[in-house]
Amino acid sequence: QHNVEIYRTTNSSPVAADKKMVIDANSKISLSNNDNGTSNTILGKSAASSLSSGGNYNLIIGEQAGTTLTTGDTNTLMGFQAGTALTTGSNNVAIGPYSLFSEQGGSGSVAIGPYALYSQKVSGSGIANNQNIAIGENAGYNMTTGSNNVAVGPNALYNVSVLHGCTAIGHSALYTLHGPNGWDFD
């Protein structure tokens, strides 16, 4: 096994208990020289582990961030499991642990904060460019197939699954939005 290990030294000898960094088979550091795409920057354990030819110009940082990304382009995925289900979507920004977690093929969304747009998944919904923006912890958490929404603040648009063209600003703004007979607005 070929590993790179960095230790703090004492009297020119490495101190085993003070290991600072290990790069091994589970680590991935790419400045577009060891992945199949073009001009990708990848840093993190199992980050972008499925990236193939055609997945270009992505910035992926964090353990298991973008693990299923194959051919999506120009995505920025940062944080533990950010955009982890994304396969072919492009032009997305996910910053924070579990942000844009379930999305597979949607494009043009911005999720900033832990669990922002966690449930968004446009695959099979007929919406290719969902272009939702969610900023704040749990913002847009249960949004599944909505598009062109803006949720700013913790828990804003939290419990709305299908909504198009709505803006919610503030803590828990439009947390649950239902129309007559309990239907989500569409």
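Remember, it's a predicted structure, so these values are computed and weren't measured experimentally.
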Any heavy-atom pair between the side chains of [Y] and [X] that's under 4.5 Å?
X	Y	value
Q104	T87	yes
Y158	N142	yes
N75	L69	yes
L157	N149	yes

Report task. Check the pair L86, E103 against side-chain contact (heavy atoms from CB on, under 4.5 Å), reporting the backbone distance first and the verdict last. Result -> CA-CA 5 Å; L86 195 63; E103 182 59 73; 3.8 Å; yes

Keeping [X] on the side-chain end and [Y] on the backbone end, is there a donor-acceptor pair under 3.5 Å?
X	Y	result
N40	N58	yes
S102	Y118	yes
S109	N132	yes
S46	Q64	no
T70	S52	no

Contacts under 3.5 angstrom, residues 165-173 side chains, donor-acceptor by atom type, not counting sequence neighbours:
none

Flag for [Y]-[X]: side-chain donor and acceptor within less than 3.5 Å:
X	Y	value
T67	T84	yes
Q120	N130	yes
T74	N91	yes

Report summary line: side chain to side chain contact (heavy atoms under 4.5 Å, CB included) test vs M143 passes for just one of N159, V162, L117, namely L117

Report task. Quick one: do F101 and Y115 satisfy ring pair (Phe, Tyr, Trp, His ring centres under 6.0 Å)? Show the steps, please. Result -> CA-CA 7 Å; F101 180 84; Y115 300 94; 8.3 Å; no

